[in-house]
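For reference, the structure discussed in these notes is given below.
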Amino acid sequence: MSADRETNHGMTSHDMTHTDIAVLLADAADEVEIGIAPYDAVLRGGRRRKARRWAVATATAVVLVGSAGTLAVAGMPGGHGDRGSSVATSAPTAPALDVRTPSRTLLAAGTDQGKDWRVFIDVWEAPRNEREARAERGAMAEFGQIPSDLRDASDLIGKSSYFVRRSFGDTGSEQVLIEDAFTAEDTMSGKDIEAAAVPLEPGAEGPERLVVGQVAVTARSVTCTWKDGSTTEVPVVSEAYDVNSDDFVIRPADGSPVNWFVCLAPQGTAFQSVAVTK
């Protein structure tokens with residue numbers, strides 16, 4: 001950081017907060033053009049209020065049933081106190097959002113041919129203003145989770161960005177399977193479903209065995225149908241399940257207004273269809 005940059009922000013390294021540092025990182029990021037990540041752009045089909053993209057890495061199948069969509073994660077509104085009152089009686093300031101760290105939820109885990117794999121989702125808070133948006137963009141850069149179509153930090157305002165990620169094998173590396181944002185334009189209800197089918201192993205050309213999707217919170221059961229005619233039923237999480245377990249269940253995710261599910265095709269077959277069945 002140059003001396004000029006410190007002077008312009010009117011602070012020293014001793015009184016800078018984590019948010020201030022993230023803002024400075026975002027300032028630096030503004031000088032770099034962010035390119036589109038190498039994901040396949042996939043348009044959702046079916047009845048839509050607004051067409052939105054799911055960026056799906058190496059996806060070979062995306063399925064939509066009904067008018068699937070997403071809901072916004074609303075920020076906490078500020079107060080509207082009497083501006084003429086004293087400091088002691090003014091409305092309290094809205095609590096600060098944690099825009100520096102995403103909420104992570106395990107969606108599923110297992111072992112396939114001796115190799116462990118996991119699927120989880122990271123959800124970022126929806127910034128309420130430019131300062132929070134710039135702080136979040138700086139933090140996203142540190143996590144390597146900048147949305148592929150993001151051009152300005154202000155584009156994050158009012159949107160809760162999410163990244164569905166997968167780890168496979170002993171390398172410990174993670175790959176983004178799906179990225180998008182929760183906004184107010186879309187809704188999910190009834191038997192709406194949206195899912196992507198990809199190979200379980202990163203970089204493989206097939207078969208598409210791993211299915212990851214989202215459904216309305218009212219969905220009680222999802223059925224994945226495989227090309228050999230067999231099926232896998234994924235029930236909604238209940239008190240009988242530990243939400244932190246690796247069971248194949250429909251489960252909520254921190255910060256997500258929709259529920260999520262994962263299913264895996266048996267060896268020797270691949271994805272054919274998926275539907276909410278209850």
Side-chain angles (χ1 to χ4, degrees), residues 39-71 105-110 112 117-123 162-166 168 175-182 186-202 204 206-237 246-253 256-266 269-278:
Y39 307 140
D40 295 330
V42 182
L43 290 178
R44 295 166 171 173
R47 294 181 294 111
R48 303 288 300 162
R49 287 196 178 103
K50 178 182 177 183
R52 289 177 54 79
R53 186 181 71 179
W54 241 14
V56 182
T58 66
T60 55
V62 171
V63 177
L64 175 70
V65 178
S67 55
T70 49
L71 297 173
T105 301
L106 177 69
L107 299 181
D112 188 77
W117 61 269
R118 295 192 309 151
V119 175
F120 47 88
I121 182 172
D122 289 342
V123 180
Y162 65 85
F163 297 81
V164 178
R165 302 172 69 87
R166 166 190 57 193
F168 183 85
Q175 303 83 31
V176 175
L177 292 179
I178 301 166
E179 64 156 302
D180 205 341
F182 300 122
D186 302 311
T187 60
M188 292 193 87
S189 61
K191 293 190 175 182
D192 291 351
I193 186 170
E194 197 154 30
V198 299
L200 176 62
E201 184 173 354
E208 301 79 34
R209 297 177 55 211
L210 181 66
V211 180
V212 183
Q214 57 181 236
V215 292
V217 296
T218 55
R220 314 324 296 165
S221 178
V222 167
T223 299
C224 294
T225 301
W226 314 116
K227 288 186 176 179
D228 65 357
S230 63
T231 60
T232 298
E233 182 178 357
V234 184
V236 69
V237 66
D246 55 7
D247 293 321
F248 287 93
V249 292
I250 303 170
R251 68 181 73 212
S256 170
V258 296
N259 284 351
W260 292 82
F261 71 92
V262 175
C263 52
L264 182 67
T269 188
F271 169 80
Q272 177 170 301
S273 64
V274 62
V276 173
T277 45
K278 291 182 183 177

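Residues: numbered from 1 along the sequence shown.
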Minimal non-hydrogen separation, E233 against S221, with atom names = OE2-OG, 2.9 Å

Out of curiosity, E208 CD to T269 OG1, how far, rounded to the nearest 0.5 Å?
-> 10.5 Å

State, to 0.1 Å, how close G190 and T218 come at their nearest heavy-atom pair, and which atoms those are.
-> N-OG1, 4.0 Å

Partner residues of D112 under the side chain to side chain contact (heavy atoms under 4.5 Å, CB included) criterion, sequence neighbours left out | W117, L200, R209, L264, Q267

Find the distance between CD1 (I193) and CG (N259) and round it off to the nearest 0.5 Å.
-> 12.0 Å

Hey, are the side chains of W260 and V119 touching, using non-hydrogen atoms and a 4.5 Å cut-off?
-> no

Determine the minimum heavy-atom distance between A270 and P207, stating which atoms define it.
-> CB-CB, 3.7 Å

Side-chain touch R166/V212, heavy atoms, less than 4.5 angstrom = no

Check: C263 and W226 side chains under 4.5 Å, non-hydrogen atoms = yes

Are T105 and Y162 close enough that some pair of their side-chain heavy atoms sits under 4.5 Å apart?
-> no

Kindly compute the distance separating CZ (F261) from CZ (R251), expressed to the nearest 0.5 Å.
-> 13.0 Å

Heavy-atom closest pair, residues V276 and A219 | CG1-CB, 4.0 Å

Contacts of type side chain to side chain contact (heavy atoms under 4.5 Å, CB included), residue T225, not counting sequence neighbours | T223, T231, Q272, S273

Roughly how far, to the nearest 0.5 Å, is CZ of F163 from CG of L177?
-> 12.5 Å

Return the minimal non-hydrogen interatomic distance between V262 and A108, and the atom names on each side.
-> CB-CB, 3.6 Å

Taking atom CD1 of I178 and atom CD of Q214, what is their separation to the nearest 0.5 Å?
-> 8.0 Å

Check: T232 side chain, C224 main-chain N or O, donor-acceptor pair, under 3.5 Å | no

At their closest point, which heavy atom of K191 faces which heavy atom of T277, and how far apart are they?
-> NZ-O, 4.4 Å

